[in-house]
**Student:** 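Please see the structure below; I have some questions.
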There are 4 protein chains.
Amino acid sequence: MSTKQESTKAQERAEMQRHRILDAAQQCFIAHGFHAASMASIADTAGMSAGLIYRYFENKNAIVLAIVDRQLQLLRENIRLNRRVDLAAEWTQNYGRSCAAEAKGMNAALLLEMSAEATRDPQIAAALDHYDTTLRAALVDWLTGDPQAGGHGLPAAIAPYRALLLQCLFEGLKLRETREPDLDRALLSSALHEFIPMLLKP
Amino acid sequence: MSTKQESTKAQERAEMQRHRILDAAQQCFIAHGFHAASMASIADTAGMSAGLIYRYFENKNAIVLAIVDRQLQLLRENIRLNRRVDLAAEWTQNYGRSCAAEAKGMNAALLLEMSAEATRDPQIAAALDHYDTTLRAALVDWLTGDPQAGGHGLPAAIAPYRALLLQCLFEGLKLRETREPDLDRALLSSALHEFIPMLLKP
Amino acid sequence: MSTKQESTKAQERAEMQRHRILDAAQQCFIAHGFHAASMASIADTAGMSAGLIYRYFENKNAIVLAIVDRQLQLLRENIRLNRRVDLAAEWTQNYGRSCAAEAKGMNAALLLEMSAEATRDPQIAAALDHYDTTLRAALVDWLTGDPQAGGHGLPAAIAPYRALLLQCLFEGLKLRETREPDLDRALLSSALHEFIPMLLKP
Amino acid sequence: MSTKQESTKAQERAEMQRHRILDAAQQCFIAHGFHAASMASIADTAGMSAGLIYRYFENKNAIVLAIVDRQLQLLRENIRLNRRVDLAAEWTQNYGRSCAAEAKGMNAALLLEMSAEATRDPQIAAALDHYDTTLRAALVDWLTGDPQAGGHGLPAAIAPYRALLLQCLFEGLKLRETREPDLDRALLSSALHEFIPMLLKP
DNA sequence: TATGAATGAGGTTTCATTCAT
DNA sequence: TATGAATGAAACCTCATTCAT
């Protein structure tokens, strides 16, 4: 029983170390990009030796993939579609927050890095592709769903391209966030509040 | 006079060499990213020696900056706003074309690379910022302009956020292009043809 | 008295542990060589932690030396010269067996590794040298010994170079074993049965 | 024509550099073994930077293979079988010379290193195997050849195992050379002069 | 103008060894 | 006694940049 407890404790510790490394890596990747961030800088940021990282990740690429997975997981968790959420308000509110390096949620700069890298790395491309497919389906469900249950009752014929537009708008907004983190919120709010409802109505 | 001619000829040659280098660099940057692309690969692609590149560019970063400038210039030239262009048709038509490495125009993958790098490199950030400002102003002009002269006669109060939305949509579409270059064109066409007009009407 | 018993038991246990480590190390050294075999792989093979090995051996080099000693001990034990053994038959029979990693006796690959390392490490060189001297003396004794007592009755003048030839042939055969483990046994048998008797006769 | 000359000169220079690197590598490999010799030490010995080596060899393993090939080539060149050479005299004379690091010919320590590595690296094993096959065939030819033409006129039935014995003896002698470079030459000479003739006569 | 050999700093990764538990 | 996390040195290798030719 004691060995079982100890093994569990060790596993927890290992999980914490992985977390620590991923947090450090994320900071470094945001600050310098996947390629320019060095293992040494990640180790420094994590407050450990570079060699130790290899006890928890096979190589640098494994860290990149783990970061990508984690970010996509965050994105998925952020999708709260089964209730009538006010997308315009939420997007306005979140705007600019995901750009800071210390931000907890999905990071805009990282999304760019991931997308750029996906054009080169098949594994990252596959991960993004899977995410895209999942998200698109969820959006269509949400758009065509019964309004009583939080859906929008759109006909199945038009839902797909509304979903596409929402996705493009969301990502375009993320990209803009990296370029104009201090964009006038009032302007953004007006824009989104006028436009998004159009996409949700039949 | 002859020296002047010769000097001019030399300048032209220099300009051609710079072009050759930039074309090669662009291919490499698209294929591998700013950091992973090596000077050797650029030299190879350009069909010249690595050393020679340094006669035309101070260092690798100067090439990156030149590429960024060139891309933004392309984007500016692509903006044909002083006539009533069919944005929806144009965007649909161009979709997927800017992803190929050999594409002449703005390249979607490069846009991502540039945007990502802009969060790190102040010079690139400044260049993109300048581009953003210019483009936004041009869009507002176009939206508020006299319909007779190719404008859309929007009130000055709403033009700014319509411009913002157009920009986000455009960039979101570019990002999507890198992820789904084979997206169903009919779907895209429907989406754009329904929605862009809404953004252009009072 | 009880402390004495316990201490003895502890010593036995320590000896067993050393054995376990050496067995594992031998496997690893055969598979990867002295330098390429890692302490981690030895620990894995021995089914213990890397740290524990250092309780029984000062460092990796001490393991190498212990392995060398053990192998030379095996070689010495294999020399059964005080009886009229059929060397040709024995060598033929053993050929190819000492190449497998799990072989109990002297391992051919290890002999090469040891000999190669001896040209660099003075301690290993000394161990091999001592073995060589011992073996040569034993061979001469055997060759000059009374035939009634298992010797071959060679004159003292020629015994030394017969011994040298036997040694070279034996080692050359070991070397060949690593290169052609599947050598035709009939060929080998013929060769040895014709040649070795010549070396043993006046 | 001038470009052709220049290209030839460049190729010659490249060949010289490869030579310089291989010479340095050989020294280091003899001194420390394939694994323990570092690229840095090779570079130091060759009087160049470590990076430069990679312009001439893809990686460290390519250097090892080149050394192996070169050594086997030396061995092949040393085989002068088409004349009635006095093997015993030649082997006696060469004994001990191939052990010095600065020796030009085949190096005994390297032969051990190569043989040991061949049990792990398939490419080296293949190279040695090819050499073995070639050598064995050449020996059989020599043994069965017409005495008038430098052969020994042995029947085809016994030549194969005489060849095998010669090969084992030769390699056993090489191994011994690393252990007893100062072996008494008179002893060796006697041994070889008595025995090798036995192997060459029907 | 043009080459490409050469460098040196810095990248990722491995591993013998130590030490808190 | 035993573990295995942790370190730091050193391994292999890459690449932007310089410079003699």
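These figures come from a predicted structure and were not determined experimentally. Below, chain A is the first sequence line, B the second, and so on; all start at residue 1.
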**Student:** Rounded to the Å, how far apart are B/H32 NE2 and F/dT14 P?
**Tutor:** 14 Å

**Student:** Can you pull out every side chain to side chain donor-acceptor pair (under 3.5 Å) where at least one residue sits in residues 14-25 of chain C? Sequence neighbours excluded, please.
**Tutor:** C/Q17-C/R20, C/D23-C/R70

**Student:** Within the side chain of A/E117, is there an N or O that forms a donor-acceptor pair under 3.5 Å with the backbone of A/F34?
**Tutor:** no

**Student:** Pick the nucleotide of DNA chain F nearest each of A/G47 and D/A36; which residue has the one closer to the 5' end?
**Tutor:** A/G47

**Student:** Provide the start and end nucleotides, 5' to 3', of the part of DNA chain E that has atoms under 4.0 Å from heavy atoms of chain D.
**Tutor:** E/dG4 to E/dG8

**Student:** Tell me, which stems hold DNA chain E, with a stem being 3 or more Watson-Crick or G-U pairs in a row and both distances under 3.5 Å?
**Tutor:** E:2-21 with F:2-21

**Student:** Name the residue closer to the 5' end of DNA chain E, choosing between A/K60 and B/R13 according to the nucleotide with the nearest heavy atom.
**Tutor:** B/R13

**Student:** Take atom CD1 of D/I42 and atom P of F/dA10, then tell me their distance rounded to the nearest Å.
**Tutor:** 17 Å

**Student:** In chain order, what residues pass the side chain to side chain contact (heavy atoms under 4.5 Å, CB included) check against A/L65, with sequence neighbours excluded?
**Tutor:** A/N61, A/Q123, A/I124

**Student:** Using a 3.5 Å distance criterion without hydrogens, assess whether the side chain of D/E113 forms a donor-acceptor pair with backbone atoms of D/I30.
**Tutor:** no

**Student:** Base, sugar-phosphate or nothing for B/A37? Non-hydrogen atoms, less than 4.0 Å.
**Tutor:** sugar-phosphate

**Student:** Evaluate side-chain contact (heavy atoms from CB on, under 4.5 Å) for D/Q71 paired with D/L111, printing each intermediate quantity in order.
**Tutor:** CA-CA 8 Å; D/Q71 290 293 311; D/L111 177 66; over 6 Å; no

**Student:** When the side chains of residues 40-47 of chain D are checked against the rest of the protein, which donor-acceptor pairs come out under 3.5 Å, sequence neighbours left out?
**Tutor:**
from  : atom 1 : to    : atom 2 : distance (Å)
D/S41 : OG     : D/S38 : N      : 3.3
D/S41 : OG     : D/S38 : O      : 2.7
D/T45 : OG1    : D/S41 : O      : 2.7

**Student:** Which residues, if any, of residues 48-57 of chain C bring a heavy atom under 4.0 Å of DNA chain F?
**Tutor:** C/M48, C/S49, C/G51, C/L52, C/R55, C/Y56

**Student:** Starting at the 5' end of DNA chain E and moving along, which residue's nearest nucleotide shows up first, C/N61 or B/R20?
**Tutor:** B/R20

**Student:** Distance check needed: F/dT7 P versus A/M39 CE, whole Å only.
**Tutor:** 14 Å

